[in-house]
Amino acid sequence: MEFTVPVCGANRPAMRKIGRESLENLATILRKHGFSFKKQFGQNFISDTNLLENIVALAGIGKTDTVVEIGCGAGTLTRALAAAAGKVIGFEIDEKLKPVLAETLADRDNTEIRFADFMRADLKSFEKETGPYSVVANLPYYITSPLVMRFVEEAEKVQKLVVMVQDDVARRFCAREDTPDYGAITAAIALRADAEIVKYVPRKMFYPVPNVDSAVVKLTFRENRIPVKDRKMYRDAVRCAFLSRRKTLENNLISYFSLSREKAKEILRRADVPEMARGETLSPVRLANLADALSDYGVQKK
Ligand SMILES: C[S@@+](CC[C@H](N)C(=O)[O-])C[C@H]1O[C@@H](n2cnc3c(N)ncnc32)[C@H](O)[C@@H]1O
């Protein structure tokens with residue numbers, strides 16, 4: 001397959017060097033190894049050096065940091081991360097990128113690439129090896145939300161997640177309650193992390209060019225950001241609140257936890273939530289109150 005990697009913002013039709021040091025032209029390397037892009041893996045690569053360096057700067061990575069990158073692609077972001085970090089551990093699902101990465105990362109000895117599906121990796125044992133770490137990645141869009149949810153629900157040692165995602169997804173991650181973008185994923189993230197959009201990135205910055213624009217989101221994890229007695233109960237409270245957006249919270253409680261109406265009313269009173277409230281109007285703090293009330297009443301999801 002013939003392709004070129006266009007340089008954004010430049011009038012030259014030519015491809016440009018990736019990285020300031022010894023890395024050759026990305027397209028030449030990909031072609032040399034007979035690589036063809038796979039849509040099913042969400043392969044839209046970044047080659048613009050300024051953008052890559054900007055992402056690393058926004059992530060605030062330093063020489064003592066361990067960085068995890070999910071989806072290394074041709075290794076352009078990996079290289080930029082390796083220049084700033086103490087260590088980079090990258091995951092890449094596509095083994096066809098092995099020779100490409102061997103070449104683009106040849107001079108980066110603080111980098112280790114694991115050819116594996118990150119969604120199947122055992123996060124608990126991974127965290128035993130790594131200690132505290134940050135994630136910086138241009139995420140494959142087909143698994144953005146489940147991937148972020150993995151960290152929110154399971155990770156114990158993650159400090160921040162600085163990830164490129166579709167711009168509408170970025171807005172959902174950072175939304176405020178009672179706005180159209182606010183949803184279960186917003187509330188789930190808010191329990192553990194401050195979320196902000198730190199950069200908008202137009203689609204033309206990727207190759208191949210995707211159908212949507214992107215944004216870089218920074219999630220900064222904070223211990224006990226919103227105190228809650230039981231994180232699993234918070235997850236259930238969030239799922240229940242967004243079970244049916246048209247129904248009141250009271251009705252969602254009845255269906256989700258198989259409660260009597262009387263019990264549902266009592267729990268809402270204890271959580272200081274109006275009976276007629278709808279899930280999407282509840283702030284993450286209110287949802288934590290609801291989770292605590294559910295815990296106090298010993299309610300369990302059947
Ligand atoms: C959007 S591209 C980013 C590539 C590169 N980091 C860049 O910025 O140019 C996403 C990368 O994730 C890889 N990928 C997709 N699903 C994956 C998974 N489940 N685990 C690990 N890597 C995955 C794809 O093969 C692809 O290389």
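Sequential numbering from 1 along the given sequence is applied to the chain's residues. All ligand and atom numbering here is 1-based and tracks the order in the structure.
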message: Check for me, please, whether Ile267 and Met276 land in the same ILVMFWY cluster - side-chain distances under 4.5 Å, paths through other members count.
response: no
Contact (N/O only, under 3.5 Å) between [X] and ligand 1:
| X | value |
| --- | --- |
| Gly71 | yes |
| Asn44 | no |
| Ile93 | yes |
| Asp94 | no |

When rounded to the nearest 0.5 angstrom, what is the spacing between [atom1] in [X] and [atom2] in [Y]?
| X | Y | atom1 | atom2 | value |
| --- | --- | --- | --- | --- |
| Asn252 | Thr248 | CG | OG1 | 7.0 Å |
| Thr220 | Arg192 | OG1 | CZ | 12.5 Å |
| Ile254 | Cys240 | CD1 | SG | 10.0 Å |
| Ile113 | Leu97 | CD1 | CG | 10.0 Å |
| Asp236 | Lys301 | CG | NZ | 7.5 Å |

- request: Could you pull out the closest heavy-atom pair between Ala170 and Val217, with the gap in Å?
  value: CB-CG2, 3.4 Å
message: For Ala293 versus Arg270, what's the shortest heavy-atom pair and its separation?
response: CB-CG, 3.5 Å
Identify, by atom number and element, the atoms of ligand 1 in contact range of [X], meaning under 4.0 Å from any of its heavy atoms.
| X | value |
| --- | --- |
| Phe118 | 18 (C), 19 (N), 20 (N), 21 (C) |
| Ile143 | 19 (N) |
| Tyr142 | 15 (C), 16 (N), 17 (C), 19 (N) |
| Phe45 | 4 (C), 9 (O), 27 (O) |
| Glu69 | 6 (N) |
| Ile46 | 7 (C), 8 (O), 9 (O) |
| Asp117 | 18 (C), 19 (N), 20 (N) |
| Gly42 | 1 (C), 2 (S), 10 (C) |

message: Treating Arg108 as the side-chain partner and Arg79 as the backbone partner, does any N or O pair qualify as donor plus acceptor under 3.5 Å?
response: yes
Between [X] and ligand 1, find which residue part has any heavy-atom pair under 4.0 Å and reply side chain, backbone, both or neither.
| X | answer |
| --- | --- |
| Lys38 | neither |
| Ala137 | neither |
| Thr78 | neither |

task: Have a look at Arg114, Arg120, Glu92 and point out the one with the heavy atom closest to atom 27 (O) of ligand 1.
output: Glu92
task: Check whether NZ of the Lys or CZ of the Arg Lys98 lies under 6.0 Å from the centre of the six-membered ring of Phe115 and within 45 degrees of that ring's axis.
output: yes
Non-hydrogen atom of Tyr141 closer than 4.0 Å to ligand 1: no
field: Any Ala116 heavy atom less than 4.0 Å from ligand 1
entry: yes
- request: Sort and list the pairs that fulfil side chain to side chain donor-acceptor pair (under 3.5 Å) and have at least one residue in residues 180-190, not counting sequence neighbours.
  value: none
- prompt: How far apart are the C-alpha atoms of Glu154 and Glu127, what are their side-chain angles, what is the distance that settles it, and do they pass the side-chain contact (heavy atoms from CB on, under 4.5 Å) test?
  reply: CA-CA 10 Å; Glu154 297 172 37; Glu127 288 195 335; over 6 Å; no
Considering heavy atoms of the protein only, find what lies nearest to [atom] and give residue, atom and distance to 0.1 Å.
| atom | result |
| --- | --- |
| atom 5 (C) of ligand 1 | Cys72 O, 3.4 Å |
| atom 15 (C) of ligand 1 | Phe41 O, 3.2 Å |
| atom 8 (O) of ligand 1 | Asn138 ND2, 2.9 Å |

field: All ring-ring contact (aromatic ring centres under 6.0 Å, His included) counterparts of Phe151, not counting sequence neighbours
entry: Phe118
